Amino acid sequence: MSEVLRFQLFKRAVLIILDVILLLLASAIGAWAVFALHVPALYPTIARLNIIAIIVILIVVRFYRIRISESSLDLLSRVLAGFVPVFFLSALVLGSYLGFRSPWIPYLVVTDAFGFMMILFSRISYRMLLSYRNRQDATNLPRAVVYGAGELGSTLVRQYQRGKLPYRIVGFVDDDANLRGSYVLGTRVYGTVKELAQILTDQKAKVLIIAITEIEQERMFAAVDAAKEVGAEVKVIPSLFEIQQGSKELDVRNLDYADLLGRPLITIDREPIEAMVQGKRILVTGAGGSIGSEICRQLLTYGPTQLILVDIDETELHDLSLSLHNFQREWSDLIMPVVCDVKNKAKVDRIMETYKPDLIFHAAAYKHVPLQELYPEEAITNNILGSYALLRSAKEHHVRKVVVISTDKAVNPTNVMGATKRVVELLASALTTPETEIIAVRFGNVLGSRGSMLPLFNDQIKAGVPITVTHKEIIRYFMAIPEAVGLVFKAAAMAKGGEVMVLDMGRPVKIYDFAQKLVKYYGDGRSQVIVTGLRPGEKLYEELLADSDTTIPTEDKLVFKAKVNGYSITEEEFVTTYLPIFEHSNDPKEMLASLHHMVPEFTSNGKVMR
């Protein structure tokens with residue numbers, strides 16, 4: 001028997017003995033109150049049977065398994081479950097034999113009432129003592145104000161009272177002005193976020209905990225501004241999406257720049273995604289990248305038979321596979337990393353023949369706009385020829401569905417990267433069949449992806465160098481990578497072959513203003529925001545749908561179908577007109593001219609930047 005189990009049994013035995021003593025005392029009080037000095041001869045027998053019955057029922061309803069420090073209604077309900085049946089059964093038996101006017105009925109009322117109150121009082125007293133001790137122990141912890149007096153805020157207070165939170169909660173603020181002056185579990189609501197700076201100062205709070213899973217950007221900025229004004233540290237609880245993906249509600253963490261965008265309400269219906277993924281063999285290209293790796297992590301939660309990780313970067317691939325194996329091994333039958341360049345059609349064919357995937361997520365692509373303006377031939381070769389090789393192989397090997405990760409830059413493209421992704425969308429539509437459905441999913445910028453502007457801003461702040469913004473009016477849509485991937489799965493589960501799905505990326509973000517906020521929140525005085533001018537191929541704003549497109553709503557308000565009303569191409573046209581140039585031309589200008597011809601809405605100066 002383990003030491004832990006032995007201690008638990010000992011603790012339960014002590015509690016049972018304590019309750020027996022309390023019930024004996026309650027029986028004595030009942031006898032004195034009803035019989036005074038003339039105690040009947042049946043008293044010892046009836047008292048003993050009553051106590052035994054109550055203790056047995058309390059054991060049956062697992063009353064002694066309750067953690068007293070973490071119980072409330074559960075404690076009350078189980079005590080009632082122990083006393084009420086015993087009282088009614090005893091009263092029925094005694095009334096049947098001795099008459100319902102017998103003094104034994106009031107004896108049971110008094111005895112069981114006092115027994116119930118004594119046992120309940122003993123647990124409540126212990127809990128109050130524990131809470132008091134925890135509050136005393138917390139006097140040296142950082143004082144914290146909680147923003148959000150709802151369910152999560154209440155849970156934080158409970159954890160604090162149990163000594164399980166490394167902060168001393170001294171008050172609440174809430175957006176509901178009607179809560180001002182009220183108390184939540186003994187903790188006062190001092191006002192709204194408008195008075196937050198003064199409340200933090202008055203309460204000598206060093207920490208602000210934002211306990212809201214869905215919050216608009218303006219409210220987030222207001223709260224963080226107030227905290228920074230008085231030098232308070234900001235902590236947050238996980239977003240609703242993070243909680244749904246497995247994070248615990250009370251995993252209080254540091255404020256991340258992704259939190260500053262606000263928290264849209266994103267929930268994922270797992271059932272259609274499980275139907276698409278569970279028990280299937282799934283291949284992910286570009287698996288080592290920011291988006292590809294998150295796709296892999298989330299796919300594993302849906303129970304695939306096998307996950308094949310494909311990437312040309314062997315270091316990223318190795319690190320991802322090791323991480324997915326909880327750092328215990330490099331590969332397994334469930335998770336198999338494969339080093340491969342998707343442009344290598346013969347190698348891709350061998351992978352298809354060996355692993356026979358049912359579903360493919362194609363995330364492999366070059367994505368850095370300025371570099372692709374400098375080397376358009378590389379963008380064309382990798383993004384278009386690599387995608388064509390993969391899609392053609394998937395079709396030849398009867399893969400059930402292929403999901404192409406596209407971008408908002410494919411809409412009315414002004415750069416090579418966007419134009420190549422638009423070509424991939426056209427190829428997806430040309431190659432789709434009822435047997436192999438190929439769809440594309442467009443979304444905007446994701447936070448934290450390698451080389452994206454927000455991690456760059458963070459690095460510039462740490463280095464104390466200027467934050468470079470290309471234009472004061474530049475606007476982008478942003479979403480955290482986990483949320484974006486969750487919506488990709490949603491879209492993939494509902495899409496049919498040849499469709500282009502569009503994700504609602506939330507409200508647009510003005511990059512210059514956001515950079516100013518980052519400097520304010522994370523800077524040390526060395527960095528400032530400077531404007532450098534738009535880069536080649538860069539737009540002031542990105543569109544999720546082209547001007548001639550229409551969106552068709554789906555059952556999910558965050559996912560739309562793009563009904564493209566423009567042109568299309570056939571595979572034969574691509575193979576005869578464009579493929580020879582893309583494959584064999586050594587002239588970047590010729591390749592770029594063919595790209596312009598293939599994507600008529602592609603607007604740029606048509607020049608190679610080198």
Side-chain angles (χ1 to χ4, degrees), residues 245-246 270 273-367 382-383 385-405 424 428 435-439 441 449-450 481-482 484-486 488-489 492-493:
Q245 294 299 308
R270 293 181 62 89
I273 302 173
E274 282 180 349
M276 178 179 69
V277 172
Q278 196 169 50
K280 307 292 195 308
R281 294 180 298 275
I282 304 176
L283 185 147
V284 180
T285 70
S290 307
I291 296 171
S293 59
E294 182 63 25
I295 288 174
C296 295
R297 290 187 183 94
Q298 291 194 30
L299 282 173
L300 285 175
T301 68
Y302 291 97
T305 299
Q306 189 175 41
L307 185 60
I308 304 103
L309 320 176
V310 175
D311 205 294
I312 194 173
D313 187 331
E314 57 116 15
T315 300
E316 292 290 345
L317 191 63
H318 169 270
D319 293 348
L320 172 64
S321 184
L322 194 62
S323 172
L324 295 179
H325 285 99
N326 200 27
F327 304 100
Q328 300 302 300
R329 56 198 303 187
E330 281 80 9
W331 65 81
S332 64
D333 290 339
L334 174 62
I335 304 169
M336 178 57 66
V338 180
V339 179
C340 174
D341 183 347
V342 293
K343 299 190 297 293
N344 186 342
K345 175 67 160 54
K347 176 71 176 287
V348 172
D349 284 339
R350 289 201 303 273
I351 293 172
M352 298 290 182
E353 291 163 5
T354 301
Y355 297 104
K356 298 178 175 58
D358 302 298
L359 173 64
I360 295 175
F361 285 89
H362 178 41
Y366 285 157
K367 64 179 181 179
N382 189 76
N383 291 1
L385 298 186
S387 296
Y388 179 66
L390 179 83
L391 298 180
R392 165 45 57 187
S393 182
K395 182 176 179 179
E396 291 171 353
H397 292 85
H398 312 297
V399 176
R400 296 182 191 176
K401 180 176 277 191
V402 182
V403 181
V404 175
I405 304 300
V424 176
E435 188 176 33
T436 299
E437 292 187 314
I438 306 176
I439 67 164
V441 181
S449 63
R450 291 186 303 177
I481 293 177
V485 169
V488 166
F489 289 168

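Keep in mind that what you see is a predicted model, and the values were worked out from it rather than measured.
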Response to the item:
One should read off an interatomic distance between Leu300 CG and Leu334 CG, to the nearest 0.5 angstrom, of 6.0 Å

Worksheet item: Going by heavy atoms in the side chains, are Pro337 and Glu330 under 4.5 Å from each other?
Response: no

Worksheet item: Is any side-chain heavy atom of Arg297 closer than 4.5 Å to a side-chain heavy atom of Leu320?
Response: yes

Worksheet item: For the residue pair Thr301 and Gln298, what are the closest heavy atoms and their distance?
Response: OG1-O, 2.6 Å

Worksheet item: Between CD1 of Ile335 and NE2 of His325, what distance do you get to the nearest 0.5 Å?
Response: 4.0 Å

Worksheet item: Quick check: does any side chain N or O of Lys280 sit under 3.5 Å from a backbone N or O of Pro357, one acting as donor and the other as acceptor?
Response: no

Worksheet item: So do the side chains of Val399 and Leu283 get within less than 4.5 Å of each other, counting heavy atoms only?
Response: no

Worksheet item: Which heavy-atom pair separates Ile282 from Pro304 by the least distance, and what is that distance?
Response: CD1-CB, 3.9 Å

Worksheet, complete the sentence: So side-chain hydrogen bond (donor to acceptor under 3.5 Å, both in side chains) across residues 335-350, not counting sequence neighbours, yields Asp341-Lys343, Lys345-Asp349, Lys345-Glu396, Asp349-Ser393

Discussion item. How long is the straight-line distance from CG of Leu322 back to CD of Gln328, given to the nearest 0.5 Å?
Written reply: 8.5 Å

Worksheet item: Taking Lys401 for the side chain and Ala492 for the main chain, is one N or O donor matched with an acceptor at less than 3.5 Å?
Response: yes

Fill in: Rounded distance [0.5 Å steps], NZ in Lys367 versus CD1 in Ile291
6.0 Å

Practice prompt. Could you tell me whether the side chain of His397 reaches within less than 4.5 Å of the side chain of Val348, counting heavy atoms only?
Written response: no

Discussion item. Filter on salt bridge (charged side-chain N to carboxylate O under 4.0 Å, His left out), then keep only pairs touching residues 351-365, sequence neighbours left out; what's left?
Written reply: Arg281-Asp358, Asp358-Arg400

Response to the item:
By side chain to side chain contact (heavy atoms under 4.5 Å, CB included), Gln278 pairs with (sequence neighbours left out) none

Worksheet item: So which heavy atom on Ala428 is nearest to which on Val404, and how close?
Response: CB-CG2, 4.4 Å

Worksheet item: Atom OG1 of Thr285 and atom CD1 of Ile351: how far apart are they, to the nearest 0.5 Å?
Response: 10.0 Å

Practice prompt. Check for a donor-acceptor pair, side chain of Asn383 on one end and backbone N or O of Tyr366 on the other, with a separation under 3.5 Å.
Written response: yes

Item to complete: Starting from the C-alpha separation in whole Å, work towards a yes-or-no answer on side chain to side chain contact (heavy atoms under 4.5 Å, CB included) for Ile295 and Phe489.
Response: CA-CA 9 Å; Ile295 288 174; Phe489 289 168; 4.1 Å; yes

Fill in: Where Cys296 and Leu309 come nearest, the two heavy atoms and their spacing
SG-CD2, 3.4 Å

Item to complete: Return the minimal non-hydrogen interatomic distance between Gly288 and Asp311, and the atom names on each side.
Response: N-OD2, 2.8 Å

Worksheet, complete the sentence: On a heavy-atom basis, the closest approach of Ser290 and Ser293 is O-OG, 3.1 Å

Practice prompt. Look up atom CD1 in Ile360 and atom CG in Leu390, then write down how far apart they are to the nearest 0.5 Å.
Written response: 5.0 Å

